[in-house]
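Contents: one structure, followed by commentary.
Predicted model only: the values in this text are computed from it and were never measured.
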Amino acid sequence: MTDPLDEIEHPILAKTAEQFAADDAKHERIRAVDDQVLFTVKVQRWRGAVWVDADLPWLVAAGRREDGSTDDFYAALEADGKTA
């Protein structure tokens with residue numbers, strides 16, 4: 001695939017762009033990750049982790065919400081963080 005990321009249509013990418021467009025918007029931090037500051041993005045069943053560098057948001061990881069499952073995006077992110 002050679003499409004630029006800003007041209008790919010996906011709900012999590014659109015929500016990330018929308019959520020981080022306003023400079024004064026509040027963001028929820030992912031507390032399970034303590035070596036980097038990552039913020040949540042949530043839309044439909046999609047979940048994401050956003051890292052901000054010089055006011056430029058980067059969607060660094062994404063997955064699906066699977067409530068109560070170890071396959072849940074945020075549960076897996078926390079488990080991977082503890083392993084690392």
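- Considering only heavy atoms from C-beta on, W58 stays 4.5 Å or farther from V52 through its side chain.
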Let me have the donor-acceptor pairs involving side chains of residues 61-69, under 3.5 Å, with sequence neighbours excluded, atom names and distances please.
| from | atom 1 | to | atom 2 | distance (Å) |
| --- | --- | --- | --- | --- |
| E66 | OE1 | R45 | NH2 | 3.1 |
| E66 | OE2 | R45 | NH2 | 3.2 |
| S69 | OG | D71 | N | 2.9 |

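- Scanning all heavy atoms of the two residues, the minimum distance from P11 to Q44 falls at CG-OE1, 3.6 Å.
- Applying the ring-ring contact (aromatic ring centres under 6.0 Å, His included) rule to F20 yields the partners H27; only residues at least two apart in sequence or on another chain are considered.
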Which donor-acceptor pairs under 3.5 Å do the side chains of residues 30-38 make with protein atoms, sequence neighbours left out?
| from | atom 1 | to | atom 2 | distance (Å) |
| --- | --- | --- | --- | --- |
| Q36 | OE1 | W51 | NE1 | 3.4 |

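- Applying the ring pair (Phe, Tyr, Trp, His ring centres under 6.0 Å) test to every pair with at least one member in residues 63-84, sequence neighbours left out, gives no pairs at all.
- Both V41 and I8 belong to a common hydrophobic cluster when Ile, Leu, Val, Met, Phe, Trp and Tyr are linked at side-chain heavy-atom distances under 4.5 angstrom.
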(Q) Applying side-chain contact (heavy atoms from CB on, under 4.5 Å) to W46 and H10, what does each step give before you reach the verdict? (A) CA-CA 10 Å; W46 292 99; H10 192 281; 3.4 Å; yes

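- Across all non-hydrogen atoms, the minimal contact from G48 to L59 is CA-CD1, 4.0 Å.
- The side chain to side chain contact (heavy atoms under 4.5 Å, CB included) test applied to E9 returns no partner, not counting sequence neighbours.
- When atom types are taken as modelled, the side chain of D72 and the backbone of A75 share a donor-acceptor pair closer than 3.5 angstrom.
- The distance from the CD atom of E7 to the CG atom of L13 is 12.0 Å, given to the nearest 0.5 Å.
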